[in-house]
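Quick notes on the structure that follows.
Side-chain atoms are counted along with the backbone in the values below, which use heavy atoms only and exclude waters and symmetry mates. The structure presented is a predicted model; accordingly, all values stated were derived computationally and were not measured. Order of the sequence lines sets the chain letters (A, B, ...), proteins ahead of strands, with each chain counted from 1.
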Number of protein chains: 2
Amino acid sequence: MNIGDVARASGLPAKTIRYYEDIGLVQPLRSANGYRSFRESDLHKLAFLGRARALGFTIEDCRSLLALYEDDTRESASVKRIAEDHLRRIDEKIAQLQSMRTTLADLVQSCAGDHRPDCPILNDLGAPAAGEGGASCHGASD
Amino acid sequence: MNIGDVARASGLPAKTIRYYEDIGLVQPLRSANGYRSFRESDLHKLAFLGRARALGFTIEDCRSLLALYEDDTRESASVKRIAEDHLRRIDEKIAQLQSMRTTLADLVQSCAGDHRPDCPILNDLGAPAAGEGGASCHGASD
DNA sequence: CTTGACCTTCCAGTGAATGGAAGCCTTAGG
DNA sequence: CCTAAGGCTTCCATTCACTGGAAGGTCAAG
């Protein structure tokens with residue numbers, strides 16, 4: 001299979017597949033013409049990677065998961081640990097976003113959104129109201 | 001004020017403040033020795049930026065918000081539009097993370113996490129169970 | 001022989017910083 | 001006067017996971 005076939009079959013862009021080869025996640029063979037030649041097992045790996053990435057695992061997590069997947073002496077505890085760590089990171093992210101969301105929704109709600117310049121959103125960003133409802137949300141945004 | 005003072009006062013790392021100058025968000029003066037010299041108004045802007053970033057606004061959003069902040073002929077509708085768009089993006093992100101979370105929590109819950117190799121998490125990533133609970137979560141992860 | 005769809009490599013850019021190296025400036029102490 | 005510490009400067013590289021694009025080789029159909 002050439003890269004285009006694999007892209008269609010796995011749902012991953014060809015660019016991404018090349019990138020995954022670059023960083024050593026898959027090692028397709030090469031045909032005489034220099035084209036990548038993917039085996040079934042490569043396709044299977046790529047599908048695995050696609051699903052793991054869709055669940056938000058980092059590339060390094062994916063590398064570990066793939067190694068465990070191919071290791072029949074693995075302990076499921078190792079897999080679970082990675083998944084639990086990731087779950088925790090997701091929960092943190094959700095909490096952070098929800099905190100932003102609360103503050104932001106308040107601000108949006110309080111803004112008239114008309115032709116006049118008065119704006120509680122800008123007021124808050126310029127100098128958060130002491131005590132209640134300031135944009136005092138902590139933590140990075142990404 | 002030198003950059004260190006402003007960093008302490010605004011809570012932003014000096015590196016970040018230099019970066020904000022680089023991309024034109026603040027324009028501190030320079031002292032004879034080449035050091036950046038921040039006015040009160042610069043500090044105020046940086047505090048504004050810090051709060052806007054903490055709410056997850058992008059740098060480009062911040063640039064627009066800052067321009068509106070300094071424009072007394074603004075219409076609050078312009079501000080509200082930016083905030084509403086951002087709120088929508090946050091909601092999308094939360095929804096996406098929650099969908100991941102649901103699938104992942106199911107998988108984690110179903111994994112024994114012991115010394116044996118059998119692992120529903122890897123099984124699912126390797127070939128999602130048809131019908132129910134596959135890692136069929138769509139959309140990018142960042 | 002040409003066209004068009006593939007494929008290749010390499011380089012650059014994304015967002016929003018962050019880390020580090022190499023080197024000037026300033027101030028306090030000896 | 002010399003030195004050491006700490007602050008400041010610039011510039012370059014790195015992060016993460018791709019993505020876009022240029023320049024060019026390959027292949028099958030007409």
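Non-hydrogen atoms lying under 4.0 Å from DNA chain C are contributed by B/N33, B/Y35, all within residues 32-42 of chain B. Residues from residues 8-31 of chain A with heavy atoms under 4.0 angstrom of DNA chain C, sorted by number: A/K15, A/R18, A/R30.
Within the helix from C/dC1-D/dG30 to C/dG30-D/dC1, the inter-axis angle between the opening and closing five-pair segments is 30°, rounded to 10°.
B/F38 pairs by the ring-ring contact (aromatic ring centres under 6.0 Å, His included) definition with nothing, not counting sequence neighbours.
Note: CG (A/L49) to C1' (D/dC16) measures 16 Å, nearest angstrom. Between the P atom of D/dC8 and the CE atom of B/M1 lies a distance of 11 Å, rounded to the nearest Å. Look at CG on B/D5: it is 11 Å from C1' on D/dC8, rounded to the nearest Å.
Considering NZ of B/K80 and CD1 of A/I121, their distance stands at 7.5 Å, rounded to 0.5 Å.
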Distance-only check: which donor-acceptor pairs under 3.5 Å involve side-chain atoms of residues 7-17 of chain B, not counting sequence neighbours?
from, atom 1, to, atom 2, distance (Å)
B/R8, NH2, B/D5, OD1, 3.3
B/S10, OG, B/V6, O, 2.8
B/S10, OG, B/L12, N, 3.1

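Of the charged side-chain nitrogens involved, none lies within less than 4.0 Å of a carboxylate oxygen, so that B/R88 and B/D91 do not count as a salt-bridged pair. Taking 4.0 Å as the cut-off between side-chain N and carboxylate O, A/K45 and A/D42 do not count as a salt-bridged pair. Taking the charged nitrogens against the carboxylate oxygens, A/E21 and A/R30 do have a contact shorter than 4.0 Å, which makes a salt bridge. Salt-bridge check for B/R63 with B/E60: passed, with a basic side-chain N closer than 4.0 Å to an acidic carboxylate O.
Contacts classified as ring-ring contact (aromatic ring centres under 6.0 Å, His included) and involving residues 78-102 of chain B (residues at least two apart or in different chains) are given here: B/F57-B/H86.
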